[in-house]
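Accompanying notes for the structure given below.
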There are 2 protein chains.
Amino acid sequence: MTRADAALAGPGASAGDDQAGTSTRDRILDVAMDLFTDQGFDGTSMREIAERLHISKAAIYYHFASKEEILMALHMRLHDVGKAALARLAGQTVTLQAWGSLLNELLDQMVAQRKILLMHERNQAALEKLHRTDHDDDHGDIQQRFRQALANPSLSLRDRVRMACSVGAVFGGLLLAGDAFDNVSSAELGSLIRDAVRDLVADSSAPDAG
Amino acid sequence: MTRADAALAGPGASAGDDQAGTSTRDRILDVAMDLFTDQGFDGTSMREIAERLHISKAAIYYHFASKEEILMALHMRLHDVGKAALARLAGQTVTLQAWGSLLNELLDQMVAQRKILLMHERNQAALEKLHRTDHDDDHGDIQQRFRQALANPSLSLRDRVRMACSVGAVFGGLLLAGDAFDNVSSAELGSLIRDAVRDLVADSSAPDAG
DNA sequence: GTCTATATAGGGATAGAC
DNA sequence: GTCTATCCCTATATAGAC
C-alpha cells in the first residue's frame, strides 16, 4: 500500500506554502506546477518530473496515485482560496458594484497565488477533463459560478461585460506580462491593478445598453 | 509526394474564412480548432480529428505533414491579422495612449476572430514549443513584441500595468464568459468592450507611481 | 521511501494499394 | 485524395526487490 491511497482523504497542511517543500510531496507539487505551466499538463511526463527531482518515476507514484491526482492537488491549492469569498455570493444577484468589491478583496490573494493562477489559465482543457471525470466532488466550481453570474439576465449587458472585462484586467496585469513585472513588489502591483479595476466597475451610469 | 510538402510554401487564400470549408483542408482546420480548444493540442489525437470528419488518419497526412503543421496553420490565421498593426509600432516607444488606439483599431478583428483567439489562449504551451522548434521563421512574434512594450523602462510602471490590464480586459470580455455572450452581436459586444478599454487607458494623470 | 524492471495502451507517422 | 495496415516510440501505471 502506498501513501497515495490516503492522499485524497487528508491533505494536511502545506497548501499555502510557496517555496515550501521539505517534504517530497510538496517538492513534487512545486516542480509539477512549473512544468505544467511551461509545457502543459499533457506535454509533461512523469519521467520529467522525476528527473528534475532526481528521484524515480515510481517514487512519485508512492505519493500520488496518478498524474491527474497531482493536477487535482494543485487545483485545490487555488480553489480553497476563492471558495470562501464566492460562497458569499451564493443565491443573491451579483451587481457590478458587488463584483468590484469582491474582486477588490480577492486581489491580494490572486497576486500572491499568481504562479498557480497562471498554471490554471494554461491548462484549462486538462482541468475541465478532471472535473468531468471526478463528478464526486461537491465543490461548486469557481469558474462555473463565475459564468453563471455573467449569464444573469437581470443585469444589463453592459454590466456583465464590465464584470468579465474586470476579471480579465486582473488576469492581464498579473499574467500577460510574462516576467516583465517580476521585479515589482506584490503590494505595488496589486495597488496598480486595483486602481484599474476600480475604473472599470465605477458606475458612471450606463449610457444606452440594456 | 503529398500536398503537405507544398503547404508551407503557399497557403493560398482560405485564411480569412470562418464557416469556410468546402475544401478538405479547411474542414480539417475548422475541426482541429474546435478540438484543440476543448481538449487541448496534446489532448487531441489525429484519430479524433479524422473520425469527426469521417475520413482516415492518413487522409489528414496528405494535407498536413504533421500535427504541428495543423497548429501552425491555425496560428497563421490569427497572426496575419495583428501583423500589420503591430508593424506600425516597430522601433518607436509605445505610450499608453498609442496602446489604447492600437487596441481600439484591432478590436473589431479580435471580436471576429475570437474563436481562434480562445484556441491560442488555451494552447500557449504547444504554441511556444512550435516557435522554439521552427526558428526559421522571420516573423517577430506578436506576444514577444507585446511583452517588449510592457518591459519598456521609459514608461511608468502604472502605464505598463494599464497596458497589460487593457489587453486582459479585451480577452476577458471576449473569452472569459464562455458562451454567455454568444447571442450578443459582434458590434454590440465590441462597442461595450471598447468603452471599457477607453476607461482603462484614459489618462486621468498618473497619481504617484514612477 | 525509493529503486529496477515490465505490462499495456495509444499516439504520430509512413508505405503502398486503389 | 482517400484508404488499410503497420512500424516505432513514449507514456502511464504496476509489481516486487531493497
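This one's a predicted model, so the numbers in the text were calculated from it and none came from an experiment.
Ion pairing of Arg27(A) with Asp30(A) is absent here, as no side-chain N (NZ or NE/NH1/NH2) approaches a carboxylate O to less than 4.0 Å. Look at Asp34(B) and Lys115(B) and you find a salt bridge, because one of the NZ, NE, NH1 or NH2 atoms lies within 4.0 Å of a carboxylate O, short of that distance.
The phosphate of dG1(D) (OP1 or OP2) has a side-chain N or O of Tyr62(B) nearer than 4.0 angstrom. The phosphate of dG12(C) (OP1 or OP2) has no side-chain N or O of Ser66(B) nearer than 4.0 angstrom.
Between the OG atom of Ser166(B) and the CG atom of Asp199(A) there is a distance of 12.0 Å, given to the nearest 0.5 Å.
The ring pair (Phe, Tyr, Trp, His ring centres under 6.0 Å) contacts involving residues 165-194 of chain B comprise nothing, where partners must be two or more places apart or lie in separate chains.
When rounded to the nearest whole Å, the span between CD1 of Ile60(B) and P of dA13(C) equals 11 Å. What separates CD1 of Ile28(A) from C1' of dG1(C) is a distance of 11 Å, to the nearest Å. Taking atom CD of Glu48(A) as the reference point, atom P of dT10(D) lies 12 Å away to the nearest angstrom. When the C1' atom of dA9(C) is taken as reference, atom CZ of Arg47(B) falls 12 Å away, rounded to whole Å. Rounded to a whole Å, the CG atom of Leu35(B) is 15 Å from the C1' atom of dG11(C). With rounding to whole Å, Lys67(A) atom NZ is found 17 Å from dT14(D) atom C1'. Computed from coordinates, the Ile49(A) CD1 to dA11(D) P distance equals 12 Å when rounded to whole Å.
Side-chain atoms of Arg160(B) and Asn152(B) form no donor-acceptor pair, as typed in the model, at a separation below 3.5 Å.
The side chain to side chain contact (heavy atoms under 4.5 Å, CB included) test with Phe64(A) singles out one residue from Ile49(A), Leu29(A), Leu71(A), and that residue is Leu29(A).
Residues Arg77(B) and Leu74(B) have side chains in contact (heavy-atom distance under 4.5 Å, counting atoms from C-beta outward).
When distances are taken from the side chain of His63(A) to each of dA11(D), dT2(C), dA13(C), the shortest belongs to dT2(C).
Applying a 4.0 Å cut-off to non-hydrogen atoms, none of the residues of residues 38-46 of chain A approaches DNA chain C.
One N or O on the side chain of Asn123(B) and one on the backbone of Phe36(B) form a donor-acceptor pair closer than 3.5 Å.
Closest approach of Thr44(B) to Lys67(B), counting heavy atoms only: O-NZ, 2.6 Å.
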Under 3.5 Å, N/O pairs linking protein and nucleotides 3-5 of chain D:
| from | atom 1 | to | atom 2 | distance (Å) |
| --- | --- | --- | --- | --- |
| dC3(D) | OP2 | Ser56(B) | N | 2.2 |
| dC3(D) | OP2 | Ser56(B) | OG | 2.8 |

